[in-house]
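Here's the structure we're looking at; comments come further down.
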There are 2 protein chains.
Amino acid sequence: MPAMPDQTDKPGAEPQVGAPVGAGRNLLFLREEELRLAQDLLFFGYRDFTAGPDKLLAELGMGRAHHRVLHFVGRRPGITVGELLGILGITKQSLARVLTPLVEQDYVLQATGRSDRRQRLLSLTPKGEALERQLFERQREWVMRAYREAGPVAVEGFRRVMRGLMGAEARAQLERLEAPAPPRAAAASLVRAG
Amino acid sequence: MPAMPDQTDKPGAEPQVGAPVGAGRNLLFLREEELRLAQDLLFFGYRDFTAGPDKLLAELGMGRAHHRVLHFVGRRPGITVGELLGILGITKQSLARVLTPLVEQDYVLQATGRSDRRQRLLSLTPKGEALERQLFERQREWVMRAYREAGPVAVEGFRRVMRGLMGAEARAQLERLEAPAPPRAAAASLVRAG
DNA sequence: AAAAATGTGTCAACCTTGCTGACCAAACAG
DNA sequence: CTGTTTGGTCAGCAAGGTTGACACATTTTT
């Protein structure tokens, strides 16, 4: 994913949508008010984006942290604990607090690595997949509504801006996530579930 | 509200891809992948978006909750405690824990309302404005980078999608925030700082 | 073979920021 | 006067982060 060469200082390109303001689009573009609006949008948007899953999770005695584990393990079956830590950006102890119950309750499976037997390769059990899918469905409908209302051009713009909001590390991790399922060796040897 | 049975003994009763046609399946897969990407983007993007202020706040012994108060009070000088509670979507007690120290440390000013003297109209002190500005600058640069890289069309799209991700309540609140500052009566009568 | 580094697990303590329930006081509205 | 609204506060609980220290198996290096 190379950097897209879109014009930021070229005055020729106007947003396709008629904003209420007509004057000096260019000047307005970087005005303080626009950036404060971005803060608001991210706060409200992210909060409501996570509200659906949160409610469901609460009924199961889980939280957002569990969802994140289910999500990223589902996205990368066979991921190691270390890789997951890198993606989540939390400490080993924090992860343990959510991962251990997930393994004990048969949502996540741990298998010892084949090439390196110190590793614990994580994957979702059928039960875990079912829950992840339920959680996903909630967000899927929510996001689809937003996508439909906004239109495809807006969606592409949304993605570009969100990528820009990510740091270099996160971008690298996202690329790996988008990659075509790498080592493929989830169901390995010894199972280590409690 | 779908109350979910915990016992998911049956592995994913319905295959998520209901369409029997190959092409349809592919389309559905792409759609799902797109939506999962949205999840990733929001997770990474929001995390890195808040990382800058978080670091600064930590040095002052504050957290994200303090920032939110500073942000919304700065956005709406003269806001009442009740309105702020509505925007943040937290309980009075949770707000008190961050608001009280902010008032005691002279970041936020409380003035009794003119029309209703039970109300405490909140506004930023110069000290509070200075801190809010520092926090804002960090996010401003971060967002500006993303906006510049993405371009104006993408930014407009981003805004549309983020609005779509908000619930009806949040949209109404955002509209009020974007409005031209209505009551305008911040520096009222009695000061109530500790 | 011995030593070092790596991957993972775990105990213990602490912080922030949500939550609930209960109760109080001031001010407004009838 | 009575009742409601707005706000403050005390006390306790939980989730989910943090750090530090240590244990253990395994792999790599010397």
Side-chain angles (χ1 to χ4, degrees), chain A residues 43 46-47 50-51 53-55 57-70 78-104 108 110-122 188-194, chain B residues 43 46-47 50-51 53-70 78-104 108 110-122 188-190 192-194:
Chain A
F43 169 68
Y46 190 76
R47 193 185 59 177
T50 54
D54 281 357
K55 257 179 71 182
L57 287 158
E59 293 169 12
L60 298 174
M62 303 195 218
R64 207 174 292 178
H66 301 79
H67 187 194
R68 290 199 278 258
V69 169
L70 292 173
I79 191 174
T80 67
V81 171
E83 286 169 340
L84 187 54
L85 284 175
I87 287 173
L88 295 174
I90 60 177
T91 60
K92 194 172 39 164
Q93 296 88 330
S94 294
L95 175 59
R97 188 164 30 203
V98 287
L99 182 55
T100 304
L102 284 173
V103 170
E104 282 170 354
V108 171
Q110 281 180 325
T112 65
R114 54 325 35 143
S115 62
D116 186 338
R117 292 181 28 204
R118 289 170 304 184
Q119 295 177 333
R120 298 288 171 267
L121 307 185
L122 306 174
S189 43
L190 290 162
V191 179
R192 258 274 194 120
Chain B
F43 169 68
Y46 190 75
R47 192 186 60 178
T50 53
D54 281 357
K55 257 180 69 182
L56 206 166
L57 287 157
E59 293 168 12
L60 298 174
M62 302 196 219
R64 206 175 291 179
H66 300 80
H67 186 193
R68 289 200 278 259
V69 170
L70 292 173
I79 192 175
T80 66
V81 171
E83 285 169 342
L84 188 53
L85 284 174
I87 288 173
L88 296 174
I90 59 176
T91 61
K92 191 172 43 164
Q93 296 88 334
S94 295
L95 174 58
R97 190 165 29 204
V98 285
L99 182 55
T100 304
L102 284 172
V103 170
E104 281 170 354
V108 171
Q110 283 180 326
T112 65
R114 53 324 39 142
S115 61
D116 186 336
R117 289 182 28 202
R118 289 171 306 182
Q119 294 176 334
R120 297 289 172 267
L121 308 184
L122 306 173
S189 41
L190 288 163
R192 257 278 193 115

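Throughout, protein chains are lettered first and strands after them, A, B, ... in sequence-line order, and every chain is numbered starting at 1. Nothing here was measured: the structure is a model prediction, and the numbers come from that model.
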Using atom [atom1] of [X] as one end and atom [atom2] of [N] as the other, report the distance to the nearest whole Å.
X: B:D116; N: D:dT4; atom1: CG; atom2: P; answer: 17 Å
X: A:L95; N: D:dT19; atom1: CG; atom2: P; answer: 14 Å
X: A:R47; N: C:dT17; atom1: CZ; atom2: P; answer: 16 Å
X: B:R64; N: D:dT18; atom1: CZ; atom2: C1'; answer: 14 Å
X: A:K55; N: C:dG18; atom1: NZ; atom2: C1'; answer: 18 Å
X: A:E104; N: C:dG9; atom1: CD; atom2: P; answer: 12 Å
X: B:I79; N: D:dT6; atom1: CD1; atom2: P; answer: 14 Å
X: B:F43; N: D:dG16; atom1: CZ; atom2: P; answer: 13 Å

Any side-chain N or O of [X] under 4.0 Å from OP1/OP2 of [N]?
X: B:R68; N: C:dT16; value: no
X: B:T100; N: D:dT9; value: yes
X: B:S94; N: C:dC19; value: yes
X: A:H66; N: D:dG16; value: yes
X: B:Q119; N: C:dA26; value: no

Contact check, side chains of [X] and [Y], non-hydrogen atoms, under 4.5 Å:
X: A:R120; Y: A:T112; value: yes
X: B:L95; Y: B:V98; value: yes
X: B:I79; Y: B:I87; value: yes

Side chain of B:A65 - closest among C:dG18, D:dT9, C:dT8:
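Nearest to the side chain of B:A65 among the choices is C:dG18.
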- request: Check every atom of D:dT26, C:dT20, C:dG9 against the side chain of B:T91 and return the nucleotide holding the closest atom.
  value: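 Of the options given, the side chain of B:T91 lies nearest C:dT20.
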Any donor-acceptor N/O pair under 3.5 Å between C:dG21 base and B:Q93 side chain =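 Answer yes: a donor N or O sits under 3.5 Å from an acceptor.
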Exercise for review: Hey, which sits more toward the 5' end of DNA chain D by its nearest nucleotide, A:G63 or B:V81?
Suggested key: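 Upstream on the strand: B:V81.
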- Query: Given that B:R97 and A:I90 both sit by DNA chain D, which one's nearest nucleotide is further toward the 5' end?
  - Reply: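 Nearest-nucleotide comparison on DNA chain D picks B:R97.
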Of A:K92 and A:R118, whose closest DNA chain C nucleotide lies nearer the 5' terminus?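 Final value for this comparison: A:R118.
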Does B:L57 offer a backbone N or O that forms a donor-acceptor pair with the side chain of B:R64 under 3.5 Å?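 Checking the backbone N and O of B:L57 against the side chain of B:R64, no donor-acceptor pair under 3.5 Å is found.
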Original post:
Can you tell me if A:T50 uses its side chain to pair, donor with acceptor, with the backbone of A:R47 under 3.5 Å?
Top reply: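 Yes; at least one donor-acceptor contact below 3.5 Å.
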Within the 4.0 Å heavy-atom criterion, would you say A:G89 contacts the bases, only the backbone, or no part of the nucleic acid?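 Result for A:G89 = sugar-phosphate.
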